[in-house]
Structure formats: structure tokens, C-alpha cells
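Notes follow once the structure below has been shown.
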Amino acid sequence: MVKTVLGGEAEVRIHEMFVEKERISKRYRIRELDDRLRKKRTTSEAKIISAARRAGVPTPIILDVEDCKIVMERIDGEAVRNVINREIAVKIGKNVAKLHSAGIVHGDLTPMNMILKNDLVYFVDFGLAYYDERIEAKGIDIHVFYEALKADFDNWDELWDGFLKGYSRYEKFDEVIDRFREIEMRGRYVEKSENSQ
Amino acid sequence: MISLGIESTAWNFSVGVVSEDEVIALEGEAYSPKEGGIHPREAAQHHSEVAGKILSRIFRKISPDEIDVFSFSQGPGMGPCLRVGATVARALALKLEKPLVGVNHCLAHVEIGKWLTEAKDPVTLYVSGGNSQIIARRGRRYRVFGETLDIGIGNAIDKLARYMGLKHPGGPKIEKLAEKGTGYIEMPYVVKGMDFSFSGIVTHAMKLFDEGYRAEDIAFSFQETAFAMLVEVTERAMAYLDRNECLLVGGVGANRRLQEMLRLMCHDRNADFHAPPSEYMGDNGAMIAYTGLVMLKHGIRTEVQNSQVRPDFRIEEVEILW
């Protein structure tokens, strides 16, 4: 049986042995641009999935890339969202450290995009990933994960602590964490300006 | 309650008066550079020259004694320009012994957009000369989910327009040219996560102009590419936040092609598209007046000693009590 998931950007068809991910056309874009973006992003995603693998992050093996479609191995494990604990969060942190070391920003780090199989945490969706050396981009990357944990799990602080333990092996850990705090300040928790109204 | 608001962030000096229900008066004059972009000091000079005249036009429609609160745009914006509006507002508030409220300019765009449309809790695309942001409320703050990494879309359009020999303001002229464009020329499309960048596409478009491509095709391709970047990130924010309303504000929001693209995007994801009337899209005093009124009703006022302008004032810094 084929299960179909419609995301914001792509349609994902999950077969028994493999997964097809096809980028859908957007009517608001003119055809030339739409075609170009979908093709380019499909190629780029496939490349980043492979690059992430080479950097040591478990990812599905790419079986085929055609036009706007990627065919990849199906990772048949447990949704990380359903099984996450501190130990798994440490593994996620280690994965992200490897990605960032390789200059890859994931763009959508949430437990929804991860699968646990044979004790390995697979990152299965690189649809919004891109190369970026800026500390800012990495700070935002982990901030997205932080927000996802806070929104979804009661024991988020324990999970976040585990994530940081794994992520701390990244050589620019301190810089990214400083930036992360700054990003946090820019957001909801700006206390310093409260008096200036 | 009646509120008077002064907007002098950049090119426009505008004064608006609103009640809880309607806009009572709106008067303003735009500074137009003789050549090149906006010179902050020249613009500020312009604002101080026209301020008196515009206020007397306003006070012919409503007596100063009827006004309950004086609001001004406190930032973000160009320091010298902001200072003119702040000075006028302080003088009026002190003289008439009424409260003063310093308003965040970006917040005012969002608030008047919501006031004049049916939007309740939208993802807002705010596009102007200096700013390009995707904003949505979360809890007691507005948050910026994506924004330009370099220049605002309006500045990008103006730069290209000037380079192609079009007079200020360039936006409507580029839009007109684009309507006659027929061939799409590939341009850099730069979206990084939720952020985007326009400086590369401007440089590229200028180069194409030097190489002799048709101005119509350049304008068309530029708009199609740059606007697609904005619409894409707006859609992504809507998906992420699970919102089904989109609000377009800011001067560039008057562009009909941008509106059409957002409308299509919204239609395809079963969401509603909202845009206020175009006179309230660009910088205007009514948005400052309205936001000041809402703030005062929630007990927020600005003491004169704390009313210094804030050129880097961010929308996230304001706690939303309403």
C-alpha cells in the first residue's frame, strides 16, 4: 500500500521499499521559474542528502533523481517523535554538529523529520536544507529545534539538555550558542526593552 | 477617543487623525530626491519645512483641543527624519497637555492592516523601501519569521529603476514596464531558510541592462523572481504556523502583480488574502494614530524623557497587550 503525504513544497509517496518525493508546481510562479526552482532544488536536496551521509549523518540512500522527483530508500523504523528521550536527543545533537561542520544548515530540524532505526537517528527530510557558513543560520537552525521541543514535549528541557550535550562537539558550539541566546532575546523574551515604552 | 499620529520615518511626512471607528483626516507630503536615493538630512529638511503647513491642514478639519493623544513613529527609520516627527509630537503633547505615545513603525503597518481588513491573526508580508519582513503574532509578541538579509525590496526596485533612467518613484514605473515584458530572463533566486536577499538580483538586472536586454523584460523578470521569493517564504510561514490568513502591507504592497501572486498562493492553500486600501499601505500618519490609540487604551504612554527616536527599533521588542 502506498501512503501519500502532502507537504508544503512536495508530495511524498511512501512505498514498501522506497519513498518518492516530488516537488509540486506553484501557480503563483511563472512556468520557467517554477520548473527551474523545482529541478534545482531536487538536485540540490539529493546532493545534500549524500553530503550529509558522507559527513556521518544517517540518511536514506538515494536511488534515483529525475526532474523534480527523488526516489530514496525507505527507512522503516520508529518516528523519533514517538520515542524521543534524552539519549536520542544526544544523538540528534551529534548529527546536527556533523551537518554544521560540513557547512550544511538543515532548515527544518524537528523530531517529525527523523526516524530511529537500529539505534541510529536518520534525518530523512532535507527539503529546506542549504549550505551556509554563517553563525546566524546555524543559530536559527538549532532555535527551530528548540521551539519544536518546547511546543511538543513536557520534558523538553531534559531533551534540550541532551541535544546540547551531543551538539557540543561542534567546533563553533560556543559561538552558535551565544547567537542562539541572542535570537531568543529578539523573540518573545525581550525583557530589557519593557521599560522603554 | 481621538488620536493624532505623525509618520516621518523616511520619505513621507504624514499626519493622520483617527477615532476608534474611522480615519478622520490624513494629510501628508512626500519628499522626492532630485537625483539618487533618499538623503536622510535632505528628507528631514523637507519634513521640517512642510510640517507646519500639514498640521494646519489637519487642524482645519479637527480642532487641536479634540485630540486625546499624540503619537509618533519612534522607529525603525532614518534618525534625522524620525527626529522631526518626534519633535513635533512632543511639542503638541506638552503644549496641549495630552499623552504622548511612541509607536513602532512596523507594528503600525500591521495594526492598520488588520483594522481596515477582516484579517484576525494573519501572517503579514510587510514590504517597503527599507523593510521586507514576514511577521506573525505569537503570544504577546509579533515575531519576524523571515526577512531580507540586505536591502528592502522597495530599495531594490528603486535602485534598478534609477539605473534604467526612470525617475523617482521607481516602483510604479517598473510595474508598468513589467506588464509589457514577454521574455523571462533567469535571475538569481536567493532564499536561505526563511530569509532572502535582493542585492544580487539588482546587480544582475543592472548588468543585463548594460548588455542591452529590453527594459520591459528585465522589469518583468526582476518582479517575477523577487516577488516569488517573498511569496514562497510567506507561504512557508503560513504552513509552519498553520495560519489561513495572509495580510499584505507596506508601500510595495500596491504592486498588482505581487497582490495577484499572493492571492493565487492563498487560493491554492484555502487561505484568505487581505490588503488594506493602497493609501494605507505605504507609510501614513493614520497607522501611527491608530496604533497609538490602541496602545494608550492599554495603558501605554511614553514620557517625554523616554521619547528619543530609535532607528533600530524592532517589532519583537513591543509587548502586545491587546
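Residue numbers begin at 1 in each chain, while the letters A, B, ... track the order of the sequences. Below, each value reflects all heavy atoms present in this structure, side chains not excepted, and no hydrogens, waters or symmetry copies.
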Heavy-atom distance under 4.5 Å between the side chains of A:Tyr28 and B:Asp268, does that happen here?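 A:Tyr28 vs B:Asp268: side chains apart.
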Against chain A, work out which of B:Glu235, B:Met265, B:Lys192 has the most heavy-atom pairs shorter than 4.5 Å and name it.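 Heavy-atom pair counts peak at B:Lys192.
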Heavy-atom distance under 4.5 Å to chain A: side chain of [X], backbone, both or neither?
{"X": "B:Arg257", "value": "side chain"}
{"X": "B:Asp195", "value": "side chain"}
{"X": "B:Met194", "value": "neither"}
{"X": "B:Phe145", "value": "neither"}
{"X": "B:Gln308", "value": "neither"}

Winner by heavy-atom pair count (cut-off under 4.5 Å) against chain B, out of A:Val144, A:Asp34, A:Leu37: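 The candidate making the most pairs under 4.5 Å is A:Leu37.
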Once rounded to the nearest 0.5 Å, what's the spacing between atom [atom1] of [X] and atom [atom2] of [Y]?
{"X": "B:Leu264", "Y": "A:Lys26", "atom1": "CG", "atom2": "NZ", "result": "11.5 Å"}
{"X": "B:Arg236", "Y": "A:Asp108", "atom1": "CZ", "atom2": "CG", "result": "8.5 Å"}
{"X": "B:Leu149", "Y": "A:Asp132", "atom1": "CG", "atom2": "CG", "result": "8.0 Å"}
{"X": "A:Arg31", "Y": "B:Tyr184", "atom1": "CZ", "atom2": "OH", "result": "14.0 Å"}

Between [X] and [Y], does any side-chain N to carboxylate O distance fall below 4.0 Å?
{"X": "B:Glu224", "Y": "A:Arg29", "value": "no"}
{"X": "B:Arg143", "Y": "A:Glu147", "value": "yes"}
{"X": "B:Glu232", "Y": "A:Arg41", "value": "yes"}

Show the nearest heavy-atom pair for residues B:Thr225 and A:Leu33, with the distance to one decimal.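 Residues B:Thr225 and A:Leu33, closest heavy atoms: CA-CD2, 4.0 Å.
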Hey, mind stepping through B:Met261 and A:Arg27 against side-chain contact (heavy atoms from CB on, under 4.5 Å) and telling me if it holds? CA-CA 8 Å; B:Met261 289 166 79; A:Arg27 273 203 302 152; over 6 Å; no
Within a radius of less than 6.0 Å around CZ of A:Phe173, do more than 12 heavy atoms belonging to other residues, nucleotides or ligands occur?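 More than 12 within 6.0 Å, yes.
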